[in-house]
Amino acid sequence: MHKYDFAEIETRWQKYWDERGFFQTPQYSNKPKYYMLVMFPYPSGTLHVGHVKNYVIGDAVARYKRMRGFNVLHPFGYDAFGLPAENAAIDKKIHPYDWTMTNINTIRRQIKRIGISYDWSREVITCVEEYYKWTQWIFLKLYEAGLAYKKMAAVNWCPKCMTSLANEQVKDGSCERCGTPVTVKHLEQWFFRITDYAERLLNDLDKLTGWPEHVKTMQRNWIGQSEGAKVKFEVDGTDLQIEVFTTRPDTLWGVTFMALAPESPLVDRVVLPHLREELDKFLARIWAQDRFKRTALEAEKEGFFTGSYAINPANGEKVPIYVTNYVLMEYGTGAVMGVPAHDQRDFDFAKKYGIPIKQVIKPTQEFTFDKAYDGPGIMINSGELSGTLIPDEMRRVFKWLEEKGIGKRTFQYKLRDWLISRQRYWGAPIPIIYCEKCGMVPVPEKDLPVKLPYNVEFLPTGQSPLMLSEEFRRVTCPKCGGPAVRDADTMDTFVDSSWYFLRYVNPKLSEKPFLKEDVDYWLPVDQYVGGVEHAILHLLYSRFITKVLHDLGYLSFDEPFTNLFTQGMIYKDGFKMSKSKGNVVSPDDMIEKYGADTLRLYILFMGPPEKDAEWNDAGIEGVHRFIKRSWNIINEIISLKEGDVQEPSEREKQLLRKLHTMLKKITEDMEGGFKFNTAVSGLMELINAISDYMDEVPREKWNTKLLRECAEKFLLMISPFAPHFAEELWRLMGKQESIMLETWPNYDENALRVEEIEIAVQINGKVRDRIKIPIDASDELVKQLAMNNDRIRKYIDKEPKKIVYVKGRLLSITC
RNA sequence: GCGAGAGUGGCGGAACUGGCAGACGCGCUGGACUUAGAAUCCAGUGGAUGAUGAAUCCGUGUGGGUUCAAGUCCCACCUCUCGCACCA
């Protein structure tokens with residue numbers, strides 16, 4: 001018997017597949033296409049088994065789809081620019097380029113050992129010129145379209161990473177990468193106008209039926225659409241106006257004050273001169289507060305009366321204008337109408353400053369106004385709109401506002417523009433030049449890429465490191481030829497990763513980022529697999545860039561990913577794997593000990609792939625046992641001589657039925673979406689059934705043909721999960737061609753048929769016995785068979801009231 | 001607080017449109033083979049009461065309900081995980 005030498009087997013077949021180019025995808029084919037994409041990794045270190053889960057799932061799908069006759073594109077690459085790799089390189093005192101490339105080589109080697117079927121000829125690395133040239137090209141396209149702009153803004157600043165961050169990269173007030181509390185800095189920064197796409201990004205989520213609901217919900221929350229009205233208030237005695245956004249225009253008659261954000265430009269204009277000095281003290285105090293604390297739920301509300309009054313356009317009432325700490329400049333208009341009776345924040349504020357509370361909605365239920373009421377009700381004290389039902393008749397309110405010219409119905413979004421400038425070295429330089437004469441000039445396409453110089457001082461100082469490189473900065477203006485300087489900021493890594501799935505289609509193309517006809521053929525991605533941590537950031541940005549490129553005529557589709565699968569994480573000892581915790585399980589160690597096929601199979605068997613799972617050393621042992629057991633059994637079958645073909649015995653028919661039951665079950669698990677854990681358990685059941693047969697039936701009576709059929713089908717079904725194992729045994733069975741070229745086996749409904757089945761008999765809801773009945777027995781016959789059964793009759797003391805027969809399942813008798 | 005999801009043996013987890021709960025694996029117990037161990041193979045394994053192969057009862061977070069029949073459907077609640085959170 002051949003020994004199961006997994007190390008030898010795996011290296012041999014990996015070499016063979018590679019040499020034959022089995023996984024190189026033809027650009028076109030008469031087969032239907034299938035684009036199977038996994039989220040590419042940050043090469044900021046090496047891989048642990050948690051990363052591997054992503055690739056094993058992707059590979060199972062890719063290999064299955066190939067067997068189903070698809071032309072499968074299954075590429076891989078590295079999200080190589082950016083903070084994670086740069087920070088790690090600085091820690092290690094290594095140049096980020098060298099560190100990144102070293103990691104890429106390690107990761108590539110790690111993945112090749114697992115036997116993932118990537119088309120390596122399409123590998124993409126975002127930090128090489130051939131790639132980031134096109135990231136810069138995309139920037140220029142956005143710039144030309146007015147979707148990339150520079151502005152002075154209060155931005156999130158990470159004092160440790162010493163760079164600005166996008167809103168999406170701030171989690172609970174801290175830097176998403178390093179966990180340091182984020183501060184605010186006023187800087188001139190580049191933004192992408194993603195807010196122009198807010199409505200489409202929101203509405204098109206409904207089209208993404210192949211996305212998990214929770215991811216769509218997170219995106220909806222993040223985009224944060226609110227329906228409301230913009231209403232203008234005159235400032236008494238001036239020609240100034242204060243515009244507010246409100247979702248409750250029905251409470252307009254209940255306004256008793258106005259609240260401005262401290263940053264609002266209106267503050268300076270409405271404050272009375274004699275209050276100026278005191279106001280400045282108030283503002284200084286507010287700005288000294290931590291921004292995230294200031295806007296936290298528990299924060300004490302504070303305000304300062306400007307001395308001015310606003311006129312309520314609905315009823316002409318004068319209300320005082322305050323500057324407050326709880327109104328945000330970034331959302332809406334930076335000004336809010338205060339309705340204490342129907343908004344809790346306004347209520348708290350009014351209580352503190354002795355502002356009147358005026359009720360304008362009559363609650364539908366009993367309510368004591370010890371807090372604000374924001375439930376349904378009827379409008380009161382509201383002029384001609386009194387009596388309007390809220391929220392049912394809100395439309396009447398909008399109509400009235402618009403007719404009177406007081407306000408306008410609009411949508412407001414929480415989404416802000418995407419801040420893409422980083423004051424760091426390791427990224428794609430922003431392709432913009434500043435000329436003394438011509439001002440801001442985009443780098444002409446022919447001059448791309450703007451190369452990131454290798455020999456510069458790259459340590460973060462808070463200033464863009466490229467500032468310090470005269471060689472990089474000093475250029476001549478592309479327009480007038482005069483002296484000019486380059487923009488020294490680099491782009492956010494998420495710009496790089498927002499289009500990489502397009503580059504895989506034509507990774508080596510030098511005159512364009514991609515060919516439209518090729519991209520239109522391959523995209524959208526049929527199946528995208530990755531972690532939930534990208535539910536907002538990467539997935540939202542990719543959708544945005546895809547829509548922009550679509551609008552500019554470069555793509556025919558406007559959503560990049562048709563189906564999305566978010567896999568769960570692998571924990572060890574209850575924690576995420578991390579070097580600092582020392583709980584990392586390395587795929588290399590596992591491959592050393594058990595082989596790649598065992599590792600792959602165990603990862604798929606651990607549990608439902610979308611759920612988090614705990615790594616269990618005993619669990620992988622169990623799967624390894626299954627592999628070895630299968631190896632031994634199939635080898636034994638291989639060693640058998642072809643016997644005579646006889647009419648199958650009952651015992652053989654039973655095994656054949658099991659084979660086809662499992663063919664059906666596993667096929668359904670594969671088609672029904674990522675049920676690999678039960679598919680693997682089905683393979684185990686099949687092996688157990690073969691083994692039982694061989695145990696029970698004397699060796700000389702074994703039906704060799706049937707056993708070989710079982711072994712073949714088993715190998716075909718396990719091949720997407722344990723490809724080396726399957727290939728080796730396939731060849732040992734005498735097959736000349738690779739198992740990779742085979743098609744997925746079909747099951748035969750007829751083989752599933754049985755003459756006689758066992759059904760349960762329930763009496764008063766309890767299973768009392770099981771009886772055998774002919775498969776197509778009539779209701780009458782089944783009832784008769786049951787009633788003639790002594791064991792059943794024992795439980796029936798009076799005439800049955802009701803008898804229900806569920807065909808092929810059970811008989812229920814009620815007395 | 002708002003939104004989403006989940007609670008099943010000692011553990012990871014199965015269970016189609018309501019139809020025999022606990023597939024498969026781990027662990028555990030006993031046995032075979034061994035001088036012994038490892039490995040392998042065979043048998044058993046939800047709980048309780050029985051001297052048993054018998055038999056009975058209880059069992060899917062809690063309490064109700066619908067139904068011949070509920071892990072699955074409905075109502076109320078508890079716990080956990082995740083996301084959002086002064087967004088006007």
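Convention: sequence-line order gives letters A, B, ...; per-chain numbering from 1. All values below come from the heavy atoms of this structure, side chains included, with hydrogens, waters and symmetry mates left out.
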Completion exercise
With the side chain defined as heavy atoms from C-beta on, A/Met218 is closest, among B/A88, B/G19, B/G83, to B/G83
Practice task
Could you pull out the closest heavy-atom pair between A/Trp631 and A/Lys3, with the gap in Å?
Solution key: CZ2-O, 3.3 Å
Problem - Value in whole Å for how far the P atom of B/A39 lies from OH of A/Tyr4 - result: 18 Å
Exercise for the section: In whole angstrom, give me the gap between the P atoms of B/A23 and B/G46. Expected result: 8 Å
Problem - Integer angstrom distance from the C1' of B/C28 to that of B/G12 - result: 16 Å
Exercise for the section: Take the protein atom NZ of A/Lys611 and the nucleotide atom P of B/G12, then report the distance between them rounded to whole Å. Expected result: 9 Å
Handout entry: Selection from B/A39, B/G19, B/C86 that lies nearest to any side-chain heavy atom of A/Lys628
Key = B/A39
Exercise for the section: Answer yes or no: does a side-chain N or O of A/Tyr331 lie under 4.0 Å from OP1 or OP2 of B/A88? Expected result: yes
Exercise for the section: For A/Trp222 and B/C82, give me the distance from atom CH2 to atom P, rounded to whole Å. Expected result: 18 Å
Practice task
For A/Glu168, enumerate each residue passing the side-chain hydrogen bond (donor to acceptor under 3.5 Å, both in side chains) test, keeping only those at least two apart in sequence or located in another chain.
Solution key: A/Trp222, A/Tyr541
Practice task
Classify the side-chain pair A/Glu636/A/Asn632 by whether it contains a donor and acceptor separated by less than 3.5 Å.
Solution key: no
Practice task
Quick one: pull up NZ in A/Lys611 and CG in A/Asn677 and give me the separation to the nearest 0.5 Å.
Solution key: 10.0 Å
Completion exercise
Its glycosidic angle compared against 90° from 0, B/G22 adopts the form anti
Practice task
Pick the P atom in B/A21 and in B/C26, then give their distance to the nearest Å.
Solution key: 25 Å
Practice task
Quick one: classify the glycosidic conformation of B/G9 as syn or anti, with syn meaning within 90° of 0.
Solution key: syn
Exercise for the section: Take the protein atom CD1 of A/Ile759 and the nucleotide atom C1' of B/A69, then report the distance between them rounded to whole Å. Expected result: 14 Å
Name the pairs: protein N/O against N/O of nucleotides 43-47 of chain B, kept only if under 3.5 Å.
none

Exercise for the section: Output the single nucleotide from B/A88, B/G19, B/C84 whose closest atom is nearest the side chain of A/Lys414. Expected result: B/C84
Handout entry: With A/Ile690, the side chain to side chain contact (heavy atoms under 4.5 Å, CB included) member among A/Leu659, A/Ile634, A/Ile633
Key = A/Ile633
Completion exercise
Comparing nearest nucleotides in RNA chain B, the 5'-proximal residue of the pair A/Thr217, A/Gly332 is A/Thr217
Exercise for the section: Specify the separation, in whole Å, of atom CG of A/Leu810 and atom P of B/U67. Expected result: 19 Å
Problem - d(CG, A/Leu604; P, B/A14) in whole Å - result: 14 Å
Problem - B/G71 and B/G18, which share atom name C1', separated by this distance in whole Å - result: 11 Å
Handout entry: All stems with RNA chain B, defined as three or more consecutive Watson-Crick or G-U pairs under 3.5 Å
Key = B:1-7 with B:78-84, B:10-12 with B:24-26, B:27-32 with B:40-45, B:46-49 with B:55-58, B:61-65 with B:73-77
Completion exercise
dist A/Thr324:OG1 -> A/Phe282:CZ (nearest 0.5 Å) comes out at 7.0 Å
Practice task
Quote, to the nearest angstrom, the P distance that separates B/G61 from B/A70.
Solution key: 15 Å
Practice task
May I have the distance from A/Ile536 (atom CD1) to B/C84 (atom C1'), rounded to whole angstrom?
Solution key: 8 Å
Practice task
Working to the nearest 0.5 Å, report the span between OG1 of A/Thr333 and CD of A/Gln412.
Solution key: 8.0 Å
Fill in the blank from the handout: When rounded to the nearest 0.5 Å, the distance separating CD1 of A/Ile570 from CD of A/Gln567 is 8.5 Å
Exercise for the section: Could you tell me how the ring of A/Phe349 sits relative to the ring of A/Tyr353: parallel (under 30°), tilted (30 to 60°) or perpendicular (over 60°)? Expected result: tilted
Practice task
Using the C1' atoms only, state how far B/C33 lies from B/G27, rounded to an integer number of Å.
Solution key: 23 Å
Practice task
Would you name the heavy atoms of A/Ile687 and A/Ser630 that are closest together and state the gap between them?
Solution key: CG1-OG, 3.6 Å
Exercise for the section: Using the C1' atoms only, state how far B/U60 lies from B/U79, rounded to an integer number of Å. Expected result: 16 Å
Problem - From B/G83, B/A4, B/G13, nucleotide with atom closest to A/His214 side chain - result: B/A4
Completion exercise
Winner on side-chain proximity to A/Ser226, out of B/A39, B/G19, B/A88, is B/A88
Problem - Under the side chain to side chain contact (heavy atoms under 4.5 Å, CB included) test, residues paired with A/Gln762 that sit two or more places apart - result: A/Val767, A/Leu810, A/Ser812
Output a table of nitrogen or oxygen pairs between the protein and nucleotides 23-29 of chain B separated by less than 3.5 Å.
residue, atom, partner, partner atom, Å
B/A23, O2', A/Glu685, OE2, 3.1
B/G25, OP1, A/Asn688, ND2, 3.3
B/C26, OP1, A/Arg625, NE, 3.1
B/C26, OP1, A/Arg625, NH2, 2.8
B/G27, OP2, A/Arg625, NH2, 3.0

Practice task
Rounded to the nearest angstrom, tell me the gap between atom CD1 in A/Ile803 and atom C1' in B/U67.
Solution key: 17 Å
Handout entry: Contacts of A/Glu227 that satisfy salt bridge (charged side-chain N to carboxylate O under 4.0 Å, His left out) - sequence neighbours left out
Key = A/Arg409
Problem - Exercise: identify the closest heavy-atom pair between A/Ala372 and A/Pro340 - result: CB-O, 3.7 Å
Handout entry: Atom C1', compared across B/G10 and B/U45: separation rounded to whole Å
Key = 11 Å
